Amino acid sequence: MEETLPHLLNNVLFIVFPVLFYFIFLNEEDTARQTRTFSKFAIFLLIALCLTMFFPAEYSDAFIYDLRIVPILMAILYGSRLSGLSLILVMLFYTLLFQHSEFYVYLGNYTVAFILLLWIKPRYIKADRFKRFIIVTLFYLAIAITRGVFLIHTGQVQQLPLLVILSLITWFTILAVQLLIENMDKQTRLKRELQHNEKVDAVSQLAASVTHEVKNPLTTVKGFLQILHEKDYLSDKDKSYLRLSIDELERAESIIQNYLSLSKPQKDPYGIVDISSVLQNLIKLLATYQQNIQLVTAVEPDLTVKGIKHEVQQVLLNIIKNGMEAMRDHPGQLYIKAMRRDSDVVITIKDQGKGIAKNDLKRIGEPYFTTKKNGTGLGMSVSFEIVKRMGGRITVHSELGYGTIFTIELPLTNL
Ligand code: ADP
Ligand code: MG
């Protein structure tokens, strides 16, 4: 026992250090642990796994004790499926080479554990911190009890007290690593949110100070150009120049409108907005204006939310316009659906356009992020902001080459 304990404490370090190193050398892009098939995270866990297996703490001839369960558990719960599976395979391969007699026991145990963890994982991801802690504890408790029963069956009762201590240490290690990962994840999340908010704040300050001043002269100029455009004595060429000027002014206006919606202090009070009729009107307008895109619509009547009508219009228009722009070289259908789901209004806008690359997907909603030559990169960040203020959320799913789905969820209000 005196010999086993220091060994085991070394093992704890073998596990904790690689995880710590991972977070020390972590850069922003590596946070995609769940989606990347084999991430850096898995490599660091693999190192931990090898260390703990090469330098185990033995406590009985028939039983070698190490902390291999910890990296494997973490790889499955916090990494991708493949990284969990790879770690198990490496572990089994090692067992086959160096602990031949144990191989089938490990094969059986870890197959069961892997299947069980895959079943647990979706629930684990949704759970809050405390529940995660309980889930992991229960899972490990099941393992420890199985070990105890095995010892009793094989007549090694005298080993039980040691098993209890070892299991406690393992349990603490699991919790320590779990806490470490959770805390680090939280920090990265907060940092990202902060950066995003800073950008939005900068934009809205600019908006508040400049846009009002610019908006009025623009409207005046546009008005006079429109009057000129109607004059008979102008040649067609001159008229086309004027048309171009008016179009460009309209573009400038829409940019300013976007800036204005970003600026925080809202003068207009929230009222009740009938999303169904806003959408119907937009669709009518688009149908006359856009001929080469096929609109497929399904809008339930009387969907009402709390908000400001022109802001809601703006959100919908921004998203629909992006969908249409994405289909410029990919002709197809644009679906616009709105329906009631529980206490929410769910609006889905689906295009069959060029789709969004994975790396760009993360940046949608960031002020000034655009992939278009004449883009402003304001439409999405304004829309995200408005929907957030209304207590709703926007989610984006996209596949490069196939299209994009925007889902807007807003809390329903009753008239
Ligand atoms: P802008 O349209 O001026 O570029 P947005 O904020 O509206 O700015 O959109 C930001 C970026 O998001 C676009 O440049 C485009 O790359 C991407 N995007 C948004 N919606 C879609 C879509 N439906 N399909 C493909 N890409 C999209
Ligand atoms: Mg846009």
Side-chain angles (χ1 to χ4, degrees), residues 192 195-204 206-207 210-211 214 218 247-263 278-279 282-283 285-286 289-290 292-297 310-338 346-390 392-409:
R192 213 174 278 161
Q195 279 169 348
H196 175 83
N197 286 348
E198 263 171 16
K199 272 191 190 164
V200 172
D201 277 353
V203 174
S204 43
L206 185 75
V210 179
T211 40
V214 182
L218 268 189
D247 285 349
E248 283 299 296
L249 279 179
E250 270 167 4
R251 204 172 89 82
E253 261 185 346
S254 93
I255 293 172
I256 285 179
Q257 191 51 52
N258 275 328
Y259 269 119
L260 273 180
S261 314
L262 256 191
S263 58
V278 169
L279 263 178
L282 265 180
I283 289 166
L285 193 79
L286 293 170
Y289 174 73
Q290 267 292 347
N292 46 352
I293 286 169
Q294 213 181 325
L295 280 179
V296 183
T297 58
H310 74 84
E311 286 195 346
V312 175
Q313 270 169 343
Q314 201 184 349
V315 171
L316 296 169
L317 195 62
N318 280 346
I319 295 178
I320 292 174
K321 249 175 68 190
N322 279 344
M324 291 182 157
E325 282 162 6
M327 291 205 289
R328 195 153 285 161
D329 306 318
H330 288 248
Q333 293 173 322
L334 184 79
Y335 297 81
I336 304 176
K337 278 187 205 153
V346 183
I347 306 154
T348 335
I349 294 163
K350 180 176 141 196
D351 66 65
Q352 299 183 322
K354 61 173 187 261
I356 306 171
K358 270 234 172 69
N359 277 334
D360 292 345
L361 203 56
K362 281 189 285 203
R363 304 190 53 194
I364 302 273
E366 189 179 290
Y368 304 124
F369 170 71
T370 179
T371 55
K372 296 169 195 167
K373 212 168 77 212
N374 283 322
T376 61
L378 282 176
M380 284 302 100
S381 61
V382 168
S383 308
F384 275 70
E385 236 2 73
I386 292 175
V387 170
K388 198 165 104 189
R389 255 186 256 156
M390 291 171 70
R393 66 186 192 129
I394 300 183
T395 39
V396 196
H397 290 277
S398 187
E399 197 137 338
L400 210 55
Y402 290 95
T404 307
I405 308 175
F406 276 88
T407 313
I408 312 167
E409 288 161 83

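All ligand and atom numbering here is 1-based and tracks the order in the structure. Just so we're clear, the structure is a prediction, and the values are computed from it rather than from any experiment.
By the 4.0 Å heavy-atom criterion, G355 is counted among the residues contacting ligand 1.
Looking only at distances, a side-chain donor or acceptor of S398 sits under 3.5 Å from a matching main-chain atom of G403. In this structure, the side chain of Q352 engages the main chain of Q333 through a donor-acceptor pair within 3.5 Å.
Of the heavy atoms in T376, both backbone and side-chain atoms come closer than 4.0 Å to ligand 1. When non-hydrogen atoms are compared, ligand 1 lies under 4.0 Å from the backbone of T370 as well as from its side chain. Within the 4.0 Å heavy-atom criterion, the part of L378 lying near ligand 1 is the backbone and not the side chain.
With I408 as reference, I319 is the one residue of V312, V346, I319 to meet the side chain to side chain contact (heavy atoms under 4.5 Å, CB included) rule.
Applying the 4.0 Å criterion to heavy atoms of G375 picks out, from ligand 1, the atoms 3 (O), 4 (O).
Nearest approach of R363 to N359, heavy atoms of both residues: CG-O, 3.7 Å.
An N or O contact shorter than 3.5 Å links N322 to ligand 1 by distance. By the 3.5 Å distance cut-off applied to N or O atoms, M380 is counted among the residues near ligand 1. Of the N or O atoms in I356, none lie within a sub-3.5 Å distance of an N or O in ligand 1.
Scanning all protein heavy atoms for the shortest distance to atom 16 (O) of ligand 1 gives T371 OG1, 2.4 Å.
The set of protein atoms (N, O or S) found at less than 2.8 Å from the Mg ion (ligand 2) reads N322 OD1, by chain and number.
For N197, the side chain to side chain contact (heavy atoms under 4.5 Å, CB included) test picks out K388, with sequence neighbours left out.
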